Amino acid sequence: MFDKLTLSLIPLLPLLSFLMLGLFGRKVFKNFSGIIGTGALLVSAGLSLSTAYNYFFVSGKVDGVYQKITALKISWLEFSPGVSIDIGILLDPISVMMLVVVTFVSLMVHIYSLGYMKGEERFSTYYAFLGLFTFSMLGLVMSSNIFQIYIFWELVGVSSFLLIGYYFDKPSAVAAAKKAFIVTRFADLGFLIGILVLSFNAHTLDFETLIQRLTDPNSEYMRSAIAPAFLGFSSLTWGLMLVFIGGAGKSAMFPLHIWLPDAMEGPTPVSALIHAATMVVAGVFLVGRLFPVFAISCPGALELVAYTGALSALFAAIIACTQTDIKRVLAYSTMSQIGYMMFALGVSGYGNEDGLGYMASMFHLFTHAMFKALLFLGAGAVIHFVHSNEMNDMGGLRKHMPITHITFLIACLAIAGVPPLAGFFSKEEILLAAFHHNKLIYGIALITSGITAFYMFRLYFNIFWSKEFHSHGEHHGEGGIVMMLPLILLSLGAAFAGFIPFSQLVTSDGKPFETVLHLSFSVAPVLLGLAGIFIALRLYKTQNDIANKISSSLSGFYSSAYHKFYIDEVYLFITHKVIFNLLGKPAAWFDKTIVDGFINRLGSSSEKISEETKTLQSGQVQQYAAYFLAGAIGLGIIFIYVLTLK
Amino acid sequence: MTEIGLNHILFVSIALFFIGVYGFLTRRNMIMMLMSIELILNSVNLNFIAFNKYLWANKMDGLFFTIFIIAIAAAEAAVAIAIIINLYRSHRSIDVEDASDLKF
Amino acid sequence: MTAQDIIFYLLAAFTLVTGFLAVTTTRIFRSAIFLLFSLIGIAGIYFWLEYEFIAAVQIVVYVGGIVVLIIFSIFLTQEAGANLPDTTITKKITGGIAAACGFGFTLLQVLQHNFTGTTEPGIEPSVANIGNRMLGVNEFGYSLPFEVVSILLLAAMVGCIVIALKTPVQK
Amino acid sequence: MNELLLMKSELVVTAIIFILLFIKINDITSNETVLKIINALLVLNVGAGFCCMDVTGELFSGMFKTNVLIAFEKNMLNIGTLLISLLSYEWLKNHRHLPEFFVLLLSSLLGMFFMISSGNFLIFYLGLELSTIPIAALCNFDLEKKQSSEAAMKMIMSSAFSSGILLFGISMMYGTTGTLSFAELPQYLDGSPLQVFSFILLFTGFAFKLSVVPFHLWTADVYEGSPVAVTSFLSVISKGSIIFIFLTTLYNAFAPMAEVWYNLIFLLSVLTMVIGNLFALRQQNMKRFLAFSSIAQVGFILIGISGGGQNGISSSVYFVLIYIFSNLGAFGAVQLISSFSGKETIDSYKGLYQTNPLLSWVLTISLFSLAGIPPTAGFFGKFFLLSSGAEKGNYILITIAALNMIVSLYYYLRVVRAIFMDKNEQPIASIKGSIYEKAGLLICVIGIIAVGLYSHFYEYIYSLSIF
């Protein structure tokens with residue numbers, strides 16, 4: 001079966017690398033730090049792959065159903081009678097899949113960083129943080145206990161705080177790290193309260209028992225859990241919604257996404273690891289982990305998941321069209337794609353074909369990890385080359401960076417859903433699931449997929465085509481084999497991951513089922529995707545000032561449209577006028593001032609209140625005594641006359 | 001026998017207590033504040049004695065409490081005066097409103 | 001109204017009036033003397049209640065100890081203490097209102113409360129009884145508090161000495 | 001013999017006080033030797049605390065009682081005192097009144113011991129005063145500093161006022177119930193308005209010492225002005241002891257008034273967390289900052305207390321244990337920096353990491369623990385407090401607490417940012433602490449990590465928390 005030692009080594013190796021590099025890295029290992037970190041992760045990734053092989057093809061399936069296997073369980077604390085907090089390893093299809101994703105992407109990032117971060121002053125610190133992050137992420141996906149998952153969840157937050165703030169001499173990076181930490185912590189507290197609610201209802205913290213108790217309609221736990229508790233919702237609904245808030249925070253769902261674009265201040269490989277493939281999908285993973293409870297006992301909470309996901313997908317895609325910082329485009333794109341995964345879960349049912357959405361969501365998580373990590377790493381190579389994040393500083397790079405160009409193109413095609421690349425398959429399944437369950441969400445998803453293709457190719461053409469690249473001074477090529485190897489490997493994943501028969505492996509109840517792709521169904525999304533690509537091609541492949549001129553003034557558009565009725569202008573009208581100016585700009589504004597501004601204002605106003613109440617602390621001891629007396633008498637009055645308790 | 005009941009004495013003690021509180025809240029001289037504290041403690045003593053006498057004469061809890069309060073009042077007053085004298089040395093003032101460097 | 005009543009009313013009035021004067025008089029030395037009178041008034045009430053021992057302790061410790069200590073410290077700090085500016089009127093009003101509200105509220109609560117006492121026979125608060133209990137270790141013995149207070153007095157003494165000792169000039 | 005064992009903690013501390021007085025009177029040795037002796041004695045004291053812990057019983061007809069939980073609480077306070085002594089080495093080394101400092105400190109500790117062992121209002125009150133009056137004197141122990149005497153004045157004045165009100169409450173409680181004993185009290189409580197009022201007056205006595213809003217105003221001023229050693233004693237040991245006796249009195253003596261104190265705690269904990277956090281946001285002085293943050297922490301402890309029952313006790317005691325290590329770790333670092341460089345503001349901590357990486361990590365771990373970030377112990381402590389509160393189903397309180405955790409995170413990170421990320425032309429010079437301070441900080445860090453991760457601590461406390 002599964003060797004405990006091997007399994008524990010998977011997360012422990014990165015931890016070991018963190019401890020070694022953290023304690024001795026600066027003095028002892030110096031430039032070998034990268035090699036040590038990468039080596040540890042290589043072993044870890046190898047072990048994960050063998051575990052996955054073992055699970056999926058050798059011993060995971062019993063009677064045609066993939067089992068949930070608790071491979072390791074150490075009772076940490078008997079918290080109150082019957083409720084114990086354990087540290088354990090739970091193997092089931094999604095955790096095994098996540099093991100592979102996390103270790104693989106992390107390995108790629110480790111290798112890539114050997115080149116990208118070379119010469120950094122705190123090189124070994126960087127690798128130490130990467131190790132810590134990988135450890136916490138692996139611990140998170142393997143957790144067998146909802147409390148354990150929370151601890152690792154927080155650890156992931158701390159380590160991502162450290163990584164985002166890695167360039168600590170950049171004030172924006174520090175601010176971004178702090179913001180990411182605080183916003184996600186805000187959400188995490190929702191999660192924590194959710195845990196308390198769920199565990200008080202189910203009298204357990206163990207996932208398996210919890211799911212079993214909260215999905216059995218006859219159990220006594222269920223009866224108390226679904227009784228209306230507060231504001232008309234049952235405590236189960238509250239618990240699940242709070243847990244989802246935690247997930248939404250980490251997964252950057254609207255309106256808790258505000259930290260994600262800022263978090264791009266971290267080193268680019270870190271963004272590939274954290275903000276593409278691992279941490280941001282933790283929320284999806286969490287909902288997936290508790291999916292039976294959501295789907296069977298509380299469809300209302302699942303509805304919330306679905307709409308939040310769909311809204312985020314569309315909203316982020318629209319904003320992505322307006323961004324000029326390439327990493328920010330990718331950040332919004334990530335948010336949008338995670339929205340896809342979320343609503344796919346939201347429209348899913350439980351068991352067999354009903355669980356199509358669940359399967360599709362996990363499928364998309366897998367393929368997205370590949371192509372989005374690739375996109376970030378490719379963007380990293382570009383930034384490395386150009387020394388700028390701005391689209392306007394780029395253009396015509398295809399000749400200078402051929403490998404990056406090709407791999408980037410593959411990734412763009414994959415995310416746009418062009419067959420037969422990976423994104424096509426997973427997206428089709430999601431759309432199919434949405435089509436069967438909720439037409440509104442299906443519509444949103446369809447539109448979003450068109451926009452996705454548009455902004456991705458806008459990015460692609462702006463970087464690699466558009467104008468000619470004028471090099472300023474020395475450029476050091478594409479970054480050598482260590483940076484190119486991960487790109488090539490990931491592009492293989494992005495190209496071929498779609499052929500993995502996911503419905504045979506990862507399903508909501510562990511039972512494999514067959515999926516059929518209806519060619520007729522695929523026509524609409526593929527055509528929309530191609531249309532998006534085509535528009536981007538017309539607009540951005542070569543530099544043309546018509547686009548700018550027309551989009552800049554309304555009157556300009558009318559005159560030119562009246563006099564020379566070109567098809568280009570129709571595209572332009574749709575893209576620039578409608579999407580960019582009418583939707584994109586307001587959406588971006590809304591995002592920046594209302595959603596983001598709310599948090600900022602919260603901060604500044606509490607400082608203001610604090611400033612205004614300072615006279616309370618006047619330094620006059622007699623005044624203190626007066627407050628004391630007033631407090632005592634006031635409480636007396638309140639408790640005798642107002643709160644008459646008898 | 002006398003008509004004077006418990007409530008009469010309690011009236012005196014409560015009045016004395018709040019006279020003390022008033023002094024504590026308004027006098028600027030720290031020694032005066034200390035004297036107000038003594039009034040407060042005396043009113044409490046009076047309470048204890050009155051309760052002991054009128055209600056709970058079977059035990060002597062209130063009486064002993066009073067004795068210990070008197071002892072503690074002495075200790076407290078001694079320490080407070082030491083502190084005030086020390087403060088007077090550094091501030092050249094025993095005005096409580098002057099001693100407000102620490103604030104906000 | 002019996003003579004006893006009259007004595008009580010006189011004592012109470014004396015205590016309260018001198019107490020009030022103690023906290024309102026501007027001259028600090030005078031208020032110390034008023035405090036002295038007020039404390040003597042309370043000792044008088046103890047006498048009136050037939051708690052002679054407590055009355056004696058009151059006079060010995062308060063009148064003989066604390067008030068002397070206070071007067072002493074007034075002398076020590078006289079140059080600063082004598083001419084303090086008067087309290088601002090707002091402070092007086094707020095302090096007065098706070099105290100008056102507290103007084104009214106507390107008195108209301110006390111008057112509304114129906115006190116029920118014990119019916120068991122009382123213990124004579126004689127010096128012998130008090131002395132036996134003060135050092136008793138059995139039931140109703142107060143030797144533990146006695147010891148605690150002794151340590152407290154020791155600690156207070158040590159603290160006072162350290163703080164009030166004049167700092168030698170640093171070389 | 002057994003009766004002596006019941007009071008062994010008190011007797012040992014008293015013995016140490018007399019040894020110190022003897023040393024002082026004969027003026028035998030230099031400060032450094034005296035400190036060695038004192039630290040050895042304090043280690044012995046901690047050791048003695050752990051011997052024969054499992055004696056349970058009463059003395060002086062219920063005035064004094066002890067059990068394993070109380071013995072454990074005393075041990076916690078002993079450890080805290082030892083840590084303070086270790087961490088204050090640099091400051092103490094040069095103090096002219098070293099033995100007196102410890103005489104007062106240990107008298108105060110002794111007062112706390114009597115207080116948490118008390119079964120009677122009289123002993124409780126005497127213990128409270130014995131623990132307060134020496135501290136007020138200690139606040140003045142930076143004898144040359146103006147602020148120190150101001151702090152001492154504020155301390156003694158406020159505490160005298162507070163104890164006056166507390167006594168008034170006790171006297172009314174005595175008048176309405178006729179007893180001073182905690183054990184007999186419940187049968188006489190009938191919840192009449194006067195009793196409720198006198199309970200509230202009594203409560204303010206606790207609230208004052210715990211710095212619960214609106215009875216907290218003295219806290220920051222006194223903390224800022226006093227020597228750091230005294231500040232940490234006030235904020236950790238003194239608060240811890242009050243929490244212990246608070247639990248005992250609320251859950252036992254005032255059990256019939258549960259409804260009143262539950263609502264009271266609910267109200268005040270919200271107020272305390274909000275005000276504490278709001279004021280902490282603005283502070284520049286580290287001691288003041290820690291003062292307000294500790295006010296906010298108390299708000300949190302109140303949530304645990306409101307839970308009631310075994311969970312209420314165990315989560316609060318467990319949190320105090322963690323709080324001792326975390327707060328002393330933070331104060332220890334502040335103390336070290338203050339006594340070497342005289343700097344106490346957050347701004348002057350900028351760039352500390354460049355010159356003192358280890359100290360920076362210690363301070364960061366302590367602050368993270370105070371903020372409740374896993375895997376530090378503070379997280380577990382807060383988790384158990386919250387779940388104790390959640391047991392009563394008061395999710396409103398929990399939500400407010402959660403929001404306050406965010407705000408607190410914001411200002412704790414402010415310090416961490418200053419240490420690690422902000423640039424400074426002239427960072428604080430590299431500090432070479434003595435072996436004592438290193439040992440103290442090491443114990444704190446180990447405590448912060450181990451108490452959280454090693455679940456036995458919580459289980460042990462939980463098993464003791466039966467009353």
Side-chain angles (χ1 to χ4, degrees), chain B residues 2-4 6-12 14-16 18-23 25-29 31-32 34-36 38-39 42 45-46 49-50 53-60 63-64 66-68 70-79 81-86 88 92-95, chain C residues 2 4-5 8 12 15-16 19-20 22-23 28 31-32 35 38-39 42 45-46 49 51 54 57-58 61 65-66 69-70 73-74 76-77 80-81 84 87 91-92 95-96 98-99 102-103 106-107 110-111 115 117-118 120-123 125 133 140 142 145 149 152-153 156 159-160 163-164:
Chain B
T2 164
E3 295 167 16
I4 306 293
L6 179 61
N7 284 345
H8 289 73
I9 300 181
L10 289 184
F11 177 87
V12 175
I14 294 169
L16 201 61
F18 284 99
I19 288 173
V21 167
Y22 172 76
L25 294 182
T26 52
R27 299 313 301 258
R28 299 178 69 153
N29 189 322
I31 295 175
M32 285 298 309
L34 201 63
M35 286 156 65
S36 311
E38 300 305 334
L39 283 181
N42 267 285
N45 286 347
L46 194 53
I49 294 294
K53 165 93 182 172
Y54 283 90
L55 302 174
W56 312 105
N58 58 333
K59 287 188 280 177
M60 291 162 86
L63 191 148
F64 275 101
T66 303
I67 295 176
F68 289 114
I70 293 175
I72 286 191
E76 207 166 50
V79 173
I81 284 175
I83 290 172
I84 290 172
I85 288 176
N86 190 285
Y88 174 66
R92 305 310 303 171
S93 157
I94 51 167
D95 185 350
Chain C
T2 62
Q4 249 184 325
D5 291 2
F8 174 78
T15 310
L16 291 182
F20 187 73
V23 299
I28 184 161
S31 55
L35 176 71
S38 183
L39 297 179
I42 290 176
I45 297 179
Y46 293 154
L49 285 166
Y51 276 57
I54 300 293
V57 171
Q58 169 88 2
V61 179
I66 297 176
L69 193 65
I70 285 174
S73 62
I74 290 173
L76 275 176
T77 58
L84 274 186
T87 319
K91 203 167 175 181
K92 274 185 182 166
F103 175 68
T106 315
L107 195 64
V110 169
L111 293 181
F115 286 102
T118 181
E120 290 172 37
I123 300 170
R133 297 215 167 174
F140 306 125
Y142 284 85
V149 163
L152 173 61
L153 290 172
C160 289
I163 294 168

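What you are looking at is a predicted structure, and each value in this text was computed from that prediction instead of being measured.
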Handout entry: Which portion of I66(C) sits near chain B, non-hydrogen atoms under 4.5 angstrom
Key = side chain

Problem - Heavy-atom proximity to chain B below 4.5 Å, by part of P121(C) - result: backbone

Problem - Portion of Y51(C) that has a non-hydrogen atom of chain B nearer than 4.5 angstrom - result: side chain

Problem - Pair F18(B) and F20(C), ring centroids less than 6.0 Å apart - result: no

Exercise for the section: Could you grab the distance from atom CZ of R133(C) to atom CD1 of I67(B), nearest 0.5 Å is fine? Expected result: 11.5 Å

Completion exercise
Turns out that what part of L16(C) lies under 4.5 Å from chain B's heavy atoms comes down to both

Practice task
Sort N7(B) into side chain, backbone, both or neither according to what part of it lies under 4.5 angstrom from a heavy atom of chain C.
Solution key: side chain

Exercise for the section: Select one option (side chain, backbone, both, neither) describing which atoms of F8(C) are under 4.5 Å from chain B's heavy atoms. Expected result: side chain

Problem - Contacting moiety of I81(B), where chain C heavy atoms sit under 4.5 Å - result: side chain

Exercise for the section: Name the region of L35(C), side chain, backbone, both or neither, that has any atom closer than 4.5 Å to a heavy atom of chain B. Expected result: side chain

Handout entry: Segment of L6(B) engaging chain C (4.5 angstrom heavy-atom cut-off)
Key = side chain

Exercise for the section: Please state whether the side chain, the backbone, both or neither of S38(C) comes within less than 4.5 Å of a heavy atom of chain B. Expected result: side chain

Problem - Region of L69(C) in contact with chain B, defined by heavy-atom distances below 4.5 Å - result: both

Practice task
Kindly assign one of parallel, tilted or perpendicular to the pair F103(C) and F11(B), based on the angle between their ring planes and the thresholds 30° and 60°.
Solution key: perpendicular

